[in-house]
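Read through the structure below, which is laid out as structure tokens, and then see the notes.
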2 protein chains.
Amino acid sequence: MSRKETINWNGCPIRYAASVFADRWNFVILRDVLFKGRRYYGDFLDAGEGISTNILADRLSKFEETGILTRHQDAKKRSRIYYLPTPKALELIPIFLSIIDWAERHDEHTEVPEAFIQGYRLDADKTIADTEQLIALANAQVTNIQ
Amino acid sequence: MSRKETINWNGCPIRYAASVFADRWNFVILRDVLFKGRRYYGDFLDAGEGISTNILADRLSKFEETGILTRHQDAKKRSRIYYLPTPKALELIPIFLSIIDWAERHDEHTEVPEAFIQGYRLDADKTIADTEQLIALANAQVTNIQ
DNA sequence: GTGATTCACTTGTAAAATGCAAGTGAACTG
DNA sequence: CAGTTCACTTGCATTTTACAAGTGAATCAC
């Protein structure tokens, strides 16, 4: 028996976040964008995680709708499509670093590099800034800025 | 989420975290445990989010398996069941505060109290400690510690 | 120029997860 | 001891996902 009350999800920050990215494939895609420099549709497929093409297309278009990613055509080969993180996506970095920190402490099979996590624990702001730098580099590569 | 694949995530922390809590109902349950003092099975149902009894039971038992919650009988009324957060769950507090911070900035309908979020931005560690205190109080209430 | 290939999806369908309503049994209450 | 509370479980319809196979536009090879 479900005892239902008025459903009011409005304004709850956790519910809002859940609606944007609380899903295992969303986690993987955001990891790829924020930490692995992946930008092309094909990059996400080949990441070895086994995401299906229809699910990937679905998640990418939802990330467009929610303002996390923007979709672009490659300048030199227009059939290639890349996705860039928005500022709203960059602001997820602290969340994901915090998740990495937590997982490193609780997953006995973790492969988080020792130096990385120690650097983060010593100076989180620096790790955030470094991550932003790497993201900017990855963006520059696909947008062919010289 | 509930597929029996425990293998080949290669120690990736984001994948690990995804396997433990990347799901909308998991987000809601953890919010209830960490910030709203909910402990009883019935509390989660009556939270107004509309979770079904079978899904709630499924998620609670998975949180037991993953070491996030522990299940207990109420001392005075043994048919009542409560769930307590483990240290592993408490260590999720920084993640969830970070999520609240992000959502507050991007959800135009946010209802995060101004004072709360400003306090967090001024001194995150204090907000984490305060949250731990409130959790300890909520735990003490159901365990009847005097 | 044309046929093959790359690329980013879309479509079809079976399997799995979810949502909803009802049921169950143990524990408590009057 | 009959009725109620409680924490689930069960059955079933709907929705979502996974997997495989297209599709059509763009590019490449010759």
Side-chain angles (χ1 to χ4, degrees), chain A residues 1-7 9 15 18-29 32-33 38-65 69-84 142 144, chain B residues 1-9 15 18-29 32-33 38-66 69-84 142 144:
Chain A
M1 308 295 149
S2 71
R3 335 157 196 197
K4 262 197 296 185
E5 295 169 6
T6 48
I7 297 176
W9 296 347
R15 272 315 294 233
S19 74
V20 175
F21 66 85
D23 165 271
R24 65 188 189 120
W25 292 124
N26 287 338
F27 267 46
V28 167
I29 292 167
D32 288 352
V33 170
R38 293 191 180 124
R39 296 291 179 271
Y40 289 100
Y41 177 90
D43 291 347
F44 299 116
L45 273 187
D46 298 341
E49 304 277 356
I51 189 169
S52 306
T53 56
N54 54 347
I55 303 298
L56 177 58
D58 176 70
R59 296 301 190 276
L60 289 173
S61 84
K62 276 174 183 155
F63 275 148
E64 272 195 271
E65 285 172 22
L69 300 176
T70 53
R71 187 181 182 277
H72 309 266
Q73 289 186 321
D74 189 272
K76 293 179 179 164
K77 189 172 176 178
R78 282 179 305 162
S79 64
R80 293 202 79 196
I81 302 294
Y82 62 89
Y83 292 84
L84 293 182
V142 296
N144 279 319
Chain B
M1 274 298 301
S2 32
R3 277 171 29 271
K4 288 186 180 173
E5 83 175 68
T6 318
I7 237 160
N8 207 11
W9 293 351
R15 275 312 291 246
S19 76
V20 175
F21 65 85
D23 165 272
R24 65 189 188 120
W25 292 125
N26 288 339
F27 267 45
V28 168
I29 292 167
D32 288 353
V33 170
R38 293 190 181 126
R39 296 290 179 272
Y40 289 99
Y41 178 89
D43 292 346
F44 298 117
L45 273 187
D46 297 339
E49 304 277 358
I51 189 171
S52 307
T53 56
N54 53 345
I55 303 298
L56 177 58
D58 176 71
R59 297 300 191 276
L60 288 173
S61 85
K62 276 174 185 155
F63 275 147
E64 272 195 271
E65 284 172 21
T66 53
L69 299 176
T70 53
R71 185 180 183 278
H72 308 265
Q73 289 186 322
D74 189 273
K76 292 179 179 163
K77 189 172 177 179
R78 280 179 308 161
S79 63
R80 293 202 78 195
I81 302 294
Y82 61 88
Y83 292 85
L84 292 182
V142 296
N144 280 318

Notebook entry, point to check: In whole angstroms, how far is the C1' atom of C/dA8 from the CD atom of A/E64?
Noted result: 13 Å
Check: Taking only residues two or more places apart in sequence, or in another chain, which ones meet A/Y41 in a ring pair (Phe, Tyr, Trp, His ring centres under 6.0 Å)?
Finding: none
Note to self: For B/T70, give me all partners under side-chain hydrogen bond (donor to acceptor under 3.5 Å, both in side chains), at least two apart in sequence or on another chain.
What the structure shows: B/H72
Checklist line | Partner residues of A/I51 under the side chain to side chain contact (heavy atoms under 4.5 Å, CB included) criterion, sequence neighbours left out | finding: A/W25, A/I29, A/L45, A/I55, A/L56
Margin query: Just to verify, what does A/D74 make a side-chain hydrogen bond (donor to acceptor under 3.5 Å, both in side chains) with, not counting sequence neighbours?
Written below: A/Y40
Note to self: Rounding to an integer number of Å, can you tell me how far B/L45 CG sits from D/dT9 P?
What the structure shows: 13 Å
Next item on the list: Take atom CD1 of B/I55 and atom P of D/dC12, then tell me their distance rounded to the nearest Å.
Entry: 17 Å
Note to self: Angle between the end axes of the helix from C/dG1-D/dC30 to C/dG30-D/dC1, five pairs per end, to the nearest 10 degrees?
What the structure shows: 20°
Checklist line | Gap between atoms CG and P, on A/D58 and D/dT15 respectively (whole Å) | finding: 16 Å
Margin query: Going by side chain to side chain donor-acceptor pair (under 3.5 Å), name the pairs with one or both residues in residues 51-64 of chain A, residues two or more places apart or in two chains.
Written below: A/D23-A/R59, A/D58-A/K62
Margin query: Using whole Å, what does the distance between atom C1' of nucleotide D/dC8 and atom CZ of B/R59 come to?
Written below: 16 Å
Notebook entry, point to check: Counting just side-chain N and O atoms, does B/W25 come under 4.0 Å of either OP1 or OP2 of C/dA17?
Noted result: no
Notebook entry, point to check: Atom CG of B/D46 to atom C1' of D/dT5: distance rounded to whole Å?
Noted result: 12 Å
Next item on the list: Take A/Q73 and A/I81, measure what side chain to side chain contact (heavy atoms under 4.5 Å, CB included) needs, and give me the verdict at the end.
Entry: CA-CA 5 Å; A/Q73 289 186 321; A/I81 302 294; 3.9 Å; yes
Mind listing the N/O atom pairs, protein and nucleotides 10-14 of chain C, below 3.5 Å?
{"unit_1": "C/dT10", "atom_1": "O4", "unit_2": "A/T53", "atom_2": "OG1", "d": "2.6"}

Notebook entry, point to check: What's the spacing between A/Y82 OH and A/R71 CZ if we round to 0.5 Å?
Noted result: 11.5 Å
Margin query: Applying salt bridge (charged side-chain N to carboxylate O under 4.0 Å, His left out), can you list everything that pairs with B/R80, at least two apart in sequence or on another chain?
Written below: none
Check: Which atom pair, heavy atoms only, marks the closest approach of A/D43 to A/R38?
Finding: O-CD, 3.6 Å
Next item on the list: Check the distance between D/dA18's C1' and A/D23's CG and give it to me in whole angstrom.
Entry: 14 Å
Item checked: Sorted by number, the residues of residues 69-83 of chain B with heavy-atom contact under 4.0 Å to DNA chain D -> B/R71, B/K77, B/S79, B/R80, B/I81, B/Y83
Next item on the list: Please state how far atom CG in A/L56 lies from atom P in D/dT17, giving the value in whole angstrom units.
Entry: 13 Å
Margin query: Restricting to ring pair (Phe, Tyr, Trp, His ring centres under 6.0 Å), what partner residues turn up for A/F21, sequence neighbours left out?
Written below: B/W102
Next item on the list: Look at A/R24 and C/dA17 and indicate whether a side-chain polar atom (N or O) is within less than 4.0 Å of OP1 or OP2.
Entry: no
Margin query: Checking A/N26 now: which residues fulfil side-chain hydrogen bond (donor to acceptor under 3.5 Å, both in side chains) with it, not counting sequence neighbours?
Written below: none
